[in-house]
Amino acid sequence: AFVLLGNLTVMNMLIGVLCEVVSGVAKDEKEQICVSFVTEKLKVILQSIDEDANCAIDKGEFHSILEDPAAVVALSDVGVDPIGIVDYADYIFDELTTHSEKDVNKEI
(Lines give C-alpha, C1' and ligand atoms only; values in the text may rest on other atoms or scores of the structure.)
Protein backbone atom coordinates (compact mmCIF):
# COMPACT_ATOMS: atom_id res chain seq x y z
CA ALA A 1 0.00 0.00 0.00
CA PHE A 2 2.83 2.37 0.89
CA VAL A 3 4.70 1.53 -2.32
CA LEU A 4 1.61 2.32 -4.41
CA LEU A 5 1.01 5.57 -2.55
CA GLY A 6 4.68 6.54 -2.95
CA ASN A 7 4.57 5.83 -6.69
CA LEU A 8 1.42 7.91 -7.14
CA THR A 9 2.98 10.80 -5.20
CA VAL A 10 6.15 10.76 -7.33
CA MET A 11 4.09 10.53 -10.53
CA ASN A 12 1.98 13.54 -9.51
CA MET A 13 5.12 15.52 -8.69
CA LEU A 14 6.62 14.72 -12.10
CA ILE A 15 3.40 15.72 -13.86
CA GLY A 16 3.46 19.02 -11.93
CA VAL A 17 7.06 19.69 -12.95
CA LEU A 18 6.27 18.86 -16.57
CA CYS A 19 3.29 21.24 -16.56
CA GLU A 20 5.43 24.05 -15.12
CA VAL A 21 8.09 23.55 -17.80
CA VAL A 22 5.53 23.54 -20.61
CA SER A 23 3.89 26.65 -19.15
CA GLY A 24 7.23 28.46 -18.93
CA VAL A 25 8.17 27.57 -22.51
CA ALA A 26 4.76 28.72 -23.77
CA LYS A 27 5.14 32.03 -21.94
CA ASP A 28 8.61 32.59 -23.44
CA GLU A 29 7.37 31.75 -26.94
CA LYS A 30 4.42 34.12 -26.59
CA GLU A 31 6.73 36.94 -25.42
CA GLN A 32 9.10 36.30 -28.34
CA ILE A 33 6.21 36.46 -30.83
CA CYS A 34 5.01 39.71 -29.24
CA VAL A 35 8.49 41.26 -29.49
CA SER A 36 8.72 40.26 -33.16
CA PHE A 37 5.30 41.77 -33.84
CA VAL A 38 6.21 45.06 -32.14
CA THR A 39 9.56 45.19 -33.95
CA GLU A 40 7.94 44.75 -37.36
CA LYS A 41 5.26 47.35 -36.61
CA LEU A 42 7.86 49.88 -35.44
CA LYS A 43 10.01 49.29 -38.54
CA VAL A 44 7.02 50.05 -40.75
CA ILE A 45 6.20 53.19 -38.75
CA LEU A 46 9.76 54.49 -38.76
CA GLN A 47 10.20 53.84 -42.47
CA SER A 48 6.98 55.65 -43.26
CA ILE A 49 7.89 58.80 -41.30
CA ASP A 50 11.58 58.96 -42.31
CA GLU A 51 11.15 61.60 -45.02
CA ASP A 52 14.81 62.02 -45.97
CA ALA A 53 15.53 58.24 -45.89
CA ASN A 54 18.66 58.63 -43.78
CA CYS A 55 17.54 55.93 -41.33
CA ALA A 56 17.41 58.48 -38.54
CA ILE A 57 14.34 60.25 -37.20
CA ASP A 58 14.68 63.94 -36.41
CA LYS A 59 12.31 65.93 -34.25
CA GLY A 60 10.17 67.11 -37.17
CA GLU A 61 9.73 63.62 -38.54
CA PHE A 62 8.95 62.38 -35.06
CA HIS A 63 6.10 64.88 -34.76
CA SER A 64 4.68 63.61 -38.07
CA ILE A 65 3.66 60.38 -36.29
CA LEU A 66 0.35 62.01 -35.43
CA GLU A 67 -0.26 62.96 -39.07
CA ASP A 68 0.00 59.36 -40.27
CA PRO A 69 -3.19 57.43 -39.37
CA ALA A 70 -1.50 54.08 -40.01
CA ALA A 71 1.31 55.00 -37.60
CA VAL A 72 -1.20 56.05 -34.93
CA VAL A 73 -3.09 52.76 -35.31
CA ALA A 74 0.12 50.70 -35.29
CA LEU A 75 1.39 52.41 -32.14
CA SER A 76 -1.97 51.93 -30.46
CA ASP A 77 -1.94 48.24 -31.44
CA VAL A 78 1.32 47.69 -29.58
CA GLY A 79 0.12 49.61 -26.51
CA VAL A 80 1.84 52.96 -27.07
CA ASP A 81 -0.05 56.23 -26.69
CA PRO A 82 0.97 58.25 -29.79
CA ILE A 83 -0.05 61.59 -28.29
CA GLY A 84 1.81 60.80 -25.08
CA ILE A 85 5.01 59.83 -26.88
CA VAL A 86 4.96 62.99 -29.00
CA ASP A 87 4.55 65.01 -25.79
CA TYR A 88 7.91 63.58 -24.67
CA ALA A 89 9.66 64.52 -27.94
CA ASP A 90 11.38 67.55 -26.39
CA TYR A 91 12.79 65.39 -23.61
CA ILE A 92 13.85 62.59 -25.97
CA PHE A 93 15.59 64.84 -28.47
CA ASP A 94 17.16 67.04 -25.76
CA GLU A 95 18.64 63.89 -24.22
CA LEU A 96 19.99 62.78 -27.60
CA THR A 97 21.49 66.20 -28.24
CA THR A 98 23.05 66.32 -24.77
CA HIS A 99 24.61 62.87 -25.17
CA SER A 100 25.88 63.70 -28.67
CA GLU A 101 27.52 66.90 -27.41
CA LYS A 102 29.16 64.98 -24.56
CA ASP A 103 30.53 62.42 -27.03
CA VAL A 104 31.93 65.18 -29.27
CA ASN A 105 33.54 66.89 -26.27
CA LYS A 106 35.16 63.61 -25.22
CA GLU A 107 36.74 63.21 -28.66
CA ILE A 108 38.20 66.73 -28.61
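Reckoned from all heavy atoms, side chains included, excluding hydrogens, waters and symmetry mates.
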Shortest non-hydrogen pair, Phe62 vs Ile85, comes out as CE2-O, 3.5 Å
Closest approach of Asp50 to Ala56 (non-hydrogen atoms, all atoms of both residues):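 Nearest pair, atom of Asp50 first, then Ala56: OD1-O, 3.2 Å.
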Is there a path from Met11 to Val17 through hydrophobic residues (I, L, V, M, F, W, Y) whose side chains come within less than 4.5 Å of each other? no
Give the cluster check for Ile83 versus Val80: same hydrophobic cluster or not, with ILVMFWY residues linked at side-chain heavy-atom distances below 4.5 Å. yes
Kindly say whether Cys19 contributes a backbone atom to a donor-acceptor pair with the side chain of Ser23 at under 3.5 angstrom?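 Looks like no, no N/O pair under 3.5 Å.
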Given 3.5 Å as the limit, does a donor-acceptor pair link the side chain of Glu61 with the main chain of Asp58, or not? yes
When you compare the side chain of Asp90 with that of Lys59, does any pair of heavy atoms fall below 4.5 Å?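 They are in side-chain contact.
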Output, in order, the C-alpha distance, side-chain angles, deciding distance and verdict of side chain to side chain contact (heavy atoms under 4.5 Å, CB included) for Val35 and Thr39. CA-CA 6 Å; Val35 167; Thr39 302; 4.1 Å; yes
How many angstroms lie between atom [atom1] of [X] and atom [atom2] of [Y], to the nearest 0.5 angstrom?
X	Y	atom1	atom2	value
Thr9	Leu14	OG1	CG	11.0 Å
Glu29	Cys34	CD	SG	13.0 Å
Gln47	Ile57	CD	CD1	9.5 Å

